[in-house]
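Right, one structure below, let's go through it.
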Amino acid sequence: MSVLAQQLVLGLLLGGLYGLAAAGLGLVFGVLKVLNVAHGELIMLGGYGAFWIVTITGLDPFSALGLVIPLSLLLGAVLYVCLFGFVVRADEETRVKNSLLIGFGLALALHATAVRLWTADERSVPTPFGGVVWSVGGISFPVVRLVSLTIAFALIGALHLILTRWRWGKAVRAAAEDWQAALLTGIDVRRAYILAFALGTALAGAAGTLVTIGYSVSPSIGLEWTLKALIVIVLSGLGSTFGIFVGGLVLGVAEALSAFVFGGPYREIAGLVIFVVVLVARSRGLFGR
Amino acid sequence: MLEIQGLEAGYGEARAVADVTLTVGPGEIVALLGSNGAGKSTTLNAVAGLVRARAGTIRWEGEDLARVSAHRIVERGLVLVPEGRRLFGTMTVEENLELGAFAPRARAVRADGFDRVYTLFPVLRDRRQQAVRALSGGQQQMVAVGRALMSHPRLLMLDEPSLGIAPRLVTAILDALVAINRLGVGILLVEQNVPAALSLAHRAYVMEGGRIVRTGSGADLLADPDVRQAYLGPLAR
């Protein structure tokens with residue numbers, strides 16, 4: 001029993017990162033109507049960013065977020081202006097095709113560049129309280145992952161505040177709902193799109209940092225994270241930021257449960273089953289609210 | 001002052017507007033009439049910058065709008081209430097109105113804007129915290145007009161404001177347009193309800209097949225037998 005409880009706790013802690021990864025992908029998808037299949041590679045890039053910042057400066061790994069987030073915002077803005085900005089105005093069919101081509105191209109390029117620059121080795125960063133574990137009733141809580149979950153939740157809260165309180169955040173929501181109507185209210189929709197993509201990339205960078213701290217990073221983690229984020233979005237829809245975060249937690253717990261019941265190799269099955277079941281049950285699919 | 005000269009515009013291959021020349025003077029109410037597909041909406045969308053003119057010019061207070069993007073046209077005091085309202089349905093009435101004052105010039109006088117809208121449509125003040133999609137069609141149209149007013153326009157363009165709205169509320173909306181006009185705001189109105197539009201308008205244009213085919217004062221067109229035949233139906237004789 002306590003083995004199951006332990007697995008569920010670890011699943012929940014990982015699920016927070018799924019939620020963070022999905023919030024970024026979902027923001028970009030909801031606003032630009034473009035599925036950025038390179039989102040996982042942006043997470044990978046954020047992970048390496050954190051790794052090198054910590055290695056070079058000797059900063060505390062968590063405080064590396066203070067550099068990774070602004071750098072990711074900038075990277076996101078550049079990626080939008082140079083790549084994704086060219087497809088968002090196309091009609092739906094062209095937009096879907098071209099954005100997938102751009103996304104896969106970017107993913108392959110980033111993956112190959114990462115292997116070339118940093119080799120295929122897995123890397124992690126040590127934290128001062130790396131091995132510290134809290135025990136409650138026979139269940140252990142790794143402190144580093146608890147802190148990561150808390151930070152992930154705080155970032156989701158920050159995103160929520162940006163989108164509901166800040167006037168440009170409201171502009172992003174307006175552009176997501178009806179970009180022509182947004183233009184007619186005097187919103188510079190291109191700027192709103194740049195902001196949305198930058199925020200999405202910043203969330204990816206932050207997720208990557210937490211992944212590197214709590215687990216490890218290697219050039220090939222991208223696809224897996226894109227897939228997890230996609231499953232979460234399908235599960236929770238795009239309606240609410242906190243809903244996406246909860247979806248991440250649910251996926252983390254479901255994976256842990258599936259690993260416990262069917263054995264470790266079946267861990268990944270849970271997410272895929274959820275993916276298929278939700279898509280069959282909700283024929284509105286990804287676009288449904 | 002809006003001057004459209006020889007406008008040609010359309011979507012993709014189709015040419016919805018072939019040759020439109022019209023003007024709206026300061027503080028004037030002008031109606032643009034015509035059957036479905038005559039090119040009225042495309043004309044308004046071209047002025048608002050949602051559709052680009054293929055030929056001809058659109059001048060607003062002397063400035064050519066050809067290279068001015070849609071969000072900047074709003075800032076210049078020229079705003080469109082689009083067909084079907086196009087509100088942000090998941091947001092509240094207040095948020096929709098607030099977004100209407102997004103342009104810096106309008107944001108500076110946002111409190112005035114709210115006052116003006118809530119005076120014009122008192123029901124919106126009571127409903128300001130409700131999600132827009134929970135409102136009736138008529139109330140949504142009030143929000144749409146209110147959102148446009150929040151930008152402090154000098155010319156308000158409306159595309160079919162009475163479409164799909166209970167008759168009682170149509171009167172309320174049209175009365176509001178007159179009140180808005182008294183504040184010195186010019187109005188360019190596309191409207192299916194021809195008698196109502198003509199009774200409101202100082203002048204009117206009739207479009208057919210993408211061209212202006214007739215123009216005159218509201219009263220003249222209302223008396224014109226051809227216009228009566230075409231738009232008011234046999235019962236109106």
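Please read these numbers as outputs of a predicted model, since none were measured by experiment. Worth knowing before you read on, the calculation uses all heavy atoms, side chains too, and leaves out hydrogens, waters and symmetry mates. We name chains A, B, ... by the order of the sequence lines, and we start the count at 1 in each one.
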What's the spacing between [X] [atom1] and [Y] [atom2] if we round to 0.5 Å?
X	Y	atom1	atom2	answer
K170(A)	F88(B)	NZ	CZ	12.5 Å
R167(A)	E98(B)	CZ	CD	9.5 Å
E177(A)	N96(B)	CD	CG	7.5 Å

Check your understanding: Any idea which of R72(B), M150(B), R107(B), E75(B) has the most non-hydrogen atom pairs under 4.5 angstrom with chain A?
Key ->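 It is R107(B).
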
Review point. If you count heavy-atom pairs under 4.5 Å between each of A70(B), A106(B), G49(B) and chain A, which one has the most?
Key: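 Top option by heavy-atom pairs under 4.5 Å: A70(B).
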
**Study point:** Toward chain A, the part of L87(B) with a non-hydrogen atom under 4.5 Å
**Key:**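 Just the backbone, heavy atoms under 4.5 Å.
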
Check your understanding: Tell me, side chain or backbone of R85(B) under 4.5 Å from chain A's heavy atoms, or both, or neither?
Key ->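 No part of R85(B) comes within 4.5 Å of chain A.
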
Point to revise | Ionic contact status for E95(B) with R173(A), cut-off 4.0 Å | key: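 Yes, R173(A) and E95(B) are salt-bridged.
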
Check your understanding: Would a distance-only check, ignoring hydrogens and angles, find a side-chain to backbone donor-acceptor pair under 3.5 Å from Q180(A) to L50(B)?
Key ->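 No; judged by distance alone, with no hydrogens or angles, the pair does not exist.
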
Within 6.0 Å of [atom1] in [X], more than 12 heavy atoms from elsewhere:
X	atom1	answer
R59(B)	CZ	yes
F242(A)	CZ	yes
E93(A)	CD	no

Exercise for review: Might you work through the side chain to side chain contact (heavy atoms under 4.5 Å, CB included) test for R190(A) and H71(B), ending with a clear yes or no?
Suggested key: CA-CA 10 Å; R190(A) 187 179 128 90; H71(B) 69 275; over 6 Å; no

Exercise for review: For the residue pair R86(B) and L184(A), establish whether any side-chain heavy-atom pair is separated by less than 4.5 Å.
Suggested key: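 Result no, sub-4.5 Å side-chain heavy-atom pair not found.
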
Check your understanding: If you look at every heavy atom in L183(A) and V74(B), which pair is closest and at what distance?
Key ->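 For L183(A) versus V74(B), the nearest heavy atoms are O-CG2, 3.7 Å.
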
**Study point:** Closest approach of G186(A) to F102(B) (non-hydrogen atoms, all atoms of both residues)
**Key:**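 Scanning both residues completely, I find the closest heavy atoms to be O-CD2, 3.7 Å.
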
Point to revise | R147(B)/T185(A) under side chain to side chain contact (heavy atoms under 4.5 Å, CB included): CA gap, chis, key distance, verdict | key: CA-CA 7 Å; R147(B) 185 177 70 181; T185(A) 63; 3.5 Å; yes

